[in-house]
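By convention in this document, chain letters (A, B, ...) are assigned in the order of the sequence lines, proteins followed by strands, and residues within each chain are numbered from 1. No experiment lies behind these values; they were computed from the predicted model shown.
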Protein chains: 2
Amino acid sequence: MPIEKETEQKIFEAAQKIFQKSGFEGARMQEIADEAGINKSMLHYYYRNKDTLFMTVFQSSVKKIMPQLFGTLASDIPLREKVEQIVEFYHDMFLKNPQLPAFVIYEMNQHPQRFKDFIGSMGVQLPEVFIDQVEDAVDSGKLRSITGDQFFMNVVSMCMMPMIARNMVQTVLQLTDDEYIDFLNERRKIIPSVIFNGLII
Amino acid sequence: MPIEKETEQKIFEAAQKIFQKSGFEGARMQEIADEAGINKSMLHYYYRNKDTLFMTVFQSSVKKIMPQLFGTLASDIPLREKVEQIVEFYHDMFLKNPQLPAFVIYEMNQHPQRFKDFIGSMGVQLPEVFIDQVEDAVDSGKLRSITGDQFFMNVVSMCMMPMIARNMVQTVLQLTDDEYIDFLNERRKIIPSVIFNGLII
DNA sequence: GTCTATATAACGATAGAC
DNA sequence: GTCTATCGTTATATAGAC
C-alpha cells in the first residue's frame with residue numbers, strides 16, 4: 001500500500017468526521033488536519049481547497065443514504081417488505097454513523113446549489129414501480145386512499161426524525177445514550193406496524 | 001415608541017432571519033447589520049457579542065415551538081384531539097416561519113451545552129397526563145401496545161421531518177414551491193389518520 | 001445612540017526548503 | 001510527499017469622535 005493512499009484516506013476519514021460533526025461553516029481545516037494526525041498543508045496538496053474536500057465527503061455521504069433506499073423502492077418485492085427493509089436499513093446505518101442523516105439533510109438545505117448539480121445525475125426520484133404499487137393497493141381496496149409520495153414521506157419521517165433530532169429527543173424524553181439506542185431499536189417493529197395497520201382497511 | 005426600542009427590535013428581527021438561514025457558524029454580523037439597515041457597531045452596543053445575540057434568538061425560537069406543544073399535551077382533552085391540535089399547530093407555524101424547526105433542531109445538536117442550561121428551566125418534558133392517557137388507552141384495549149414516548153415521537157416525526165428536510169423532499173418528489181406547500185397541507189389530515197387507524201384495534 | 005476607523009485574532013491558502 | 005513559515009483576507013470586537 002503506497003504511502004500516498006494512506007494519507008489521502010486518513011484525510012478523507014478525518015474530514016468526514018469533522019464535517020459531519022460541525023458542518024461546512026463550523027469545520028476548521030486545522031481541526032481536520034489534527035484529527036488526521038498530519039500537517040495542514042497536506043489537505044491542500046490532496047484536495048485543492050476546503051470546498052473540494054467538503055464536496056468529496058458530502059457526495060460520499062449521500063451515496064451512503066440514497067442508492068440503497070431507491071434500490072429497495074424499485075425492487076420487485078411486496079410493499080410491506082419494502083417498508084421493513086427501509087426501516088432496517090436506516091436503523092442499521094444510524095448505529096454505524098449517527099451523524100450522517102443530520103449532516104446530509106442540513107447541508108442539503110444550506111447549499112441547494114452545490115448538490116443539485118450532481119444529485120440530478122444519480123437517479124434520485126421515486127421509482128414508478130413503487131408509485132404504481134401504492135396506487136394498485138389503494139385501487140384494489142387494500143389500503144386507504146394515499147399517494148405514493150405521502151406514503152414514502154411517512155416511512156422516511158418515522159425513521160429519520162428521531163435520528164436527526166437526537167438531542168431534542170434525549171432531552172425531552174430524558175434518556176441516557178443507551179436508553180436512546182434502545183428507544184430507536186424499538187422503532188424497527190413499531191414503524192411498519194403503525195404505517196400499515198393505519199392504512200389497511 | 002423610543003428610538004432605542006426600534007433599533008434593538010430591528011436588530012433582533014434581522015438576527016433571527018440570518019441565524020435561521022445560515023446557522024450560528026454561517027451567519028455574519030455584517031450581514032445581520034445590513035439586513036437591519038444599521039451600522040455593525042450597533043449589534044455590539046445592544047447585544048454584547050455574537051454569542052449573546054445568538055442565544056437571544058435561539059431562546060426565542062425554542063419558545064415558539066415548545067410551550068404550545070407541551071401545553072397541548074398536558075391539557076384536558078381526548079388523545080385524538082391532542083394529536084389534531086399539534087398537527088395543526090406545527091403546520092400553521094411552518095407557514096409563518098419555514099426555517100424555524102430546522103434551525104432549532106440543528107443548533108440543539110451543535111451546541112448541546114449552550115441550551116441545556118436554560119431548557120431545563122422551562123418544563124420541557126412529556127406531561128404525566130399524556131403518558132397516563134396513552135397507557136390507559138392501551139390497558140383498556142383501545143390502542144395497540146405502545147408507550148407514550150413512542151406515540152409522541154411518531155406524531156412529531158410525521159409533522160416535522162418534511163419541514164426540516166424541505167430541500168430533499170422537493171428534489172426527490174420533484175415539487176415546485178407551491179406543490180410543496182400543498183403537499184404539506186395534505187398531511188394535516190393524513191397524519192392523525194395514519195397514527196390512529198394504525199393504533200386503534 | 002450612532003457613526004468611522006481600527007485593533008486583534010482566526011482562517012484558508014500558498015511558497016519554498018528538504 | 002511532507003514539513004515550516006507566512007501571506008492575504010475576513011471575521012469579531014473595540015476605541016473614540018460626534
Ion pair A:Lys21/A:Glu31, N-O distance below 4.0 Å: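 Result for this pair is yes, salt bridge flagged.
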
Charged N-O contact under 4.0 Å between B:Arg187 and A:Asp149: no

Any pair counted as salt bridge (charged side-chain N to carboxylate O under 4.0 Å, His left out), so long as it reaches residues 54-82 of chain A, sequence neighbours left out: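 Passing the test, one end in residues 54-82 of chain A: A:Arg80-A:Glu84.
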
Touch class at under 4.0 angstrom, heavy-atom based, for A:Ala27 against every strand present: sugar-phosphate

Sugar-phosphate only, base, or nothing, as touched by A:Asn39 at under 4.0 Å among non-hydrogen atoms: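 Base contact.
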
side-chain hydrogen bond (donor to acceptor under 3.5 Å, both in side chains) evaluation trace for A:Asp178 with A:Thr176: CA-CA 5 Å; A:Asp178 285 344; A:Thr176 65; 5.5 Å; no

Nearest-angstrom distance from the residue atom CD1 of A:Ile32 to P of C:dC11: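 For the pair A:Ile32 CD1 and C:dC11 P, the rounded distance is 12 Å.
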
Distance, rounded to the nearest Å, where A:Tyr45 contributes OH and C:dG12 contributes C1': 19 Å

B:His44 side-chain N/O to D:dT14 phosphate OP1/OP2 under 4.0 Å: no

Distance below 4.0 Å between B:Thr7 side-chain N/O and C:dT2 OP1 or OP2: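 Checking C:dT2 against B:Thr7, a side-chain N or O does come within under 4.0 Å of OP1 or OP2.
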
Ring centres under 6.0 angstrom apart (A:Phe19, A:Phe54):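 So the answer is yes for these two rings.
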
Angle between terminal axes - the helix from C:dG1-D:dC18 to C:dC18-D:dG1, 5 pairs each end, rounded to 10°: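 So the angle between the two local helix axes works out to 10°.
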
Given C:dA5, C:dA13, D:dT12, the nucleotide with the shortest approach to the side chain of A:Met29: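 The listed nucleotide nearest to A:Met29's side chain is C:dA13.
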
A:Phe152 and A:Phe130 aromatic ring geometry - parallel, tilted or perpendicular at 30°/60° bounds: perpendicular

